[in-house]
Amino acid sequence: MTEAQRTRPLRAEGGFPVVGIIGGGQLARMSQQPAIALSVTLSVLAESETASAALVVPHAPVGDHTDLETVRAFARDVDVVTFDHEHVPPEVISALIEDGVPVHPGPDALLHAQDKIVMRRRLTELGIPCPRWTAATTAEDVTAFGEEIGWPVIAKTPRGGYDGKGVRRISSPEQVADWLEVVGQDGPMREGVLLEEAVDFTRELAVMVARSPSGQAATWPVVETVQTNSICTEVLAPAPGLDPDLATRIGEAALRIAGELGVTGVMAVELFEVRDRETGAPAYLVNELAMRPHNSGHWTIDGAVTSQFEQHLRAVLDLPLGDPSARQEWTVMANVLGGEHPDLYPTYRHLMARDPGLRIHLYGKGVRPGRKLGHVNVTGDGDVEALRERAKHAADYLQGVIDE
């Protein structure tokens, strides 16, 4: 093998493209199988040689996603750049675009997933229902907001938070005093601390939407997400008992957000299901946006005609989008979190024998308590609670919560 072959992705004959993914996590890893089916080659800029995607994608150079020259060198050998995460600095993305590299989603759209204040401001301008919010720069701002809408309130770092990190439930400005001290400095609180009302919600929902550069768009069914200690542990697709009119309105809102923000690729819209304050009718509030494949869409690998990973590749390449319809009445996804057992392979084999209908997706990660190591999908018709039990049993067994 030549030096060029070692440092550049090998290209298939016939003019098929290479998709570059910045970030070597599980989202890039799960893009490999649909890439093969689409005759597309992946190249991944990975964090380490043993990153989740680097274990399965042949070309996975190691590099720093915040270093412009590293990213530029990676991008020279691909046809389009997309992302496994939302932490690539906007100035790096803008530089790629100036170099003539197609980047999806672009920096203007991605900023709404990177900065929660920017996202809240834009969604409010569009009339999309959101929790009541403000950007606080002083203790007086925090006090005024809490007294206006009622304590407690939710405080968030505008940048960098995930899975409950960077989120506090507060009853006084003293509980975010450390955040207020760094407001205005270069960092996650440069524009202030995001404050939101503590929403009295019925349950949490999510919907995935895909949009291509030419404007074609599609949504999957709205799902219910179950959170445990601020981490998604279960997804039910579709959301059981969801009012059909509300499901339609949520899908329409997701399509509108994607269009108005100029999203290209896959986006997750996370929501609260609530009751309208005036009528009591089912309603929603948008909680978060994620402009990439997302945990709430992992069910689509086995439960939809076109998975979120295939759809994302189709979208960023401006190929015709696939069919997002569900394959069966229900799909239940259970996340596998790190427990006390470092060796997962024996439990994995046992579950395959015990319940051959399980679809177990592990990410090749080392075990740490609470770390997302994989997920289990179960599909079927009829009794969704029976499917939930099968998925939960498998996840609990892999985590060591149960031993039989």
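Just the heavy atoms: all of them, side chains too, but no hydrogens, waters or symmetry mates, feed the values below. If you read the sequence from its start, that first residue is 1, and numbering goes on from there. Everything quoted here is computed from the prediction, not taken from an experiment.
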Glu196 and side chain to side chain donor-acceptor pair (under 3.5 Å): which partner among Lys116, Arg132, Lys156? Lys156

Pair Arg292 + Glu86: basic N to acidic O under 4.0 Å: yes

What's the spacing between [X] [atom1] and [Y] [atom2] if we round to 0.5 Å?
{"X": "Ile93", "Y": "Ile22", "atom1": "CD1", "atom2": "CD1", "answer": "7.0 Å"}
{"X": "Arg72", "Y": "Asp67", "atom1": "CZ", "atom2": "CG", "answer": "10.5 Å"}
{"X": "Gln227", "Y": "Glu270", "atom1": "CD", "atom2": "CD", "answer": "7.0 Å"}
{"X": "Leu27", "Y": "His294", "atom1": "CG", "atom2": "NE2", "answer": "9.0 Å"}
{"X": "Arg8", "Y": "Arg76", "atom1": "CZ", "atom2": "CZ", "answer": "9.5 Å"}
{"X": "Arg11", "Y": "Ser43", "atom1": "CZ", "atom2": "OG", "answer": "9.5 Å"}

Between [X] (side chain only) and [Y] (backbone N and O only), is there a donor and an acceptor less than 3.5 Å apart?
{"X": "Trp299", "Y": "Asn377", "answer": "no"}
{"X": "Thr70", "Y": "Asp64", "answer": "no"}
{"X": "Asp396", "Y": "Ile402", "answer": "no"}
{"X": "Thr134", "Y": "Ala136", "answer": "no"}
{"X": "Trp220", "Y": "Thr306", "answer": "yes"}
{"X": "Arg169", "Y": "Pro152", "answer": "no"}
{"X": "Asp84", "Y": "Gly25", "answer": "yes"}
{"X": "Arg327", "Y": "Ala304", "answer": "yes"}
{"X": "Asp115", "Y": "Leu111", "answer": "no"}
{"X": "Thr347", "Y": "Leu398", "answer": "no"}

With side-chain contact (heavy atoms from CB on, under 4.5 Å) as the test, pick out the partner of Leu271 among Leu285, Val286, Leu246, Thr225. Val286

The residue among Ile21, Val101, Leu45 that forms side-chain contact (heavy atoms from CB on, under 4.5 Å) with Phe74 is Leu45

Angle between ring planes, Phe272 versus Phe201, binned at 30° and 60°: parallel, tilted or perpendicular? parallel

Do the rings of His361 and His375 sit parallel, tilted or perpendicular, given the 30° and 60° boundaries? parallel

Using only heavy-atom distances, determine whether the side chains of His312 and Ser31 contain a donor-acceptor pair under 3.5 Å. no

Can a side-chain donor-acceptor contact be found between Asp318 and Ser214 if the only test is distance below 3.5 angstrom? yes

[atom1] of [X]: more than 12 outside heavy atoms within 6.0 angstrom?
{"X": "Arg359", "atom1": "CZ", "answer": "no"}
{"X": "Gln216", "atom1": "CD", "answer": "yes"}
{"X": "Arg368", "atom1": "CZ", "answer": "no"}
{"X": "Glu91", "atom1": "CD", "answer": "yes"}
{"X": "Asp200", "atom1": "CG", "answer": "no"}

Between Glu224 and Arg388, is the salt bridge (charged side-chain N to carboxylate O under 4.0 Å, His left out) condition met? List the steps. CA-CA 12 Å; Glu224 177 179 348; Arg388 294 182 73 176; 5.7 Å; no

The test is side-chain contact (heavy atoms from CB on, under 4.5 Å); show your working for His59 and Leu42 and say whether it passes. CA-CA 7 Å; His59 189 256; Leu42 295 188; over 6 Å; no

Yes or no on salt bridge (charged side-chain N to carboxylate O under 4.0 Å, His left out) for Lys392 and Glu389, after CA distance, side-chain angles and deciding distance? CA-CA 5 Å; Lys392 184 178 187 302; Glu389 178 56 35; over 6 Å; no

Under the side-chain hydrogen bond (donor to acceptor under 3.5 Å, both in side chains) criterion, do Gln114 and His87 qualify, and how do the steps go? CA-CA 7 Å; Gln114 294 174 322; His87 307 310; over 6 Å; no

Chi angles and distances behind the side-chain contact (heavy atoms from CB on, under 4.5 Å) call for Asp302, Met333: CA-CA 10 Å; Asp302 304 298; Met333 186 218 74; over 6 Å; no

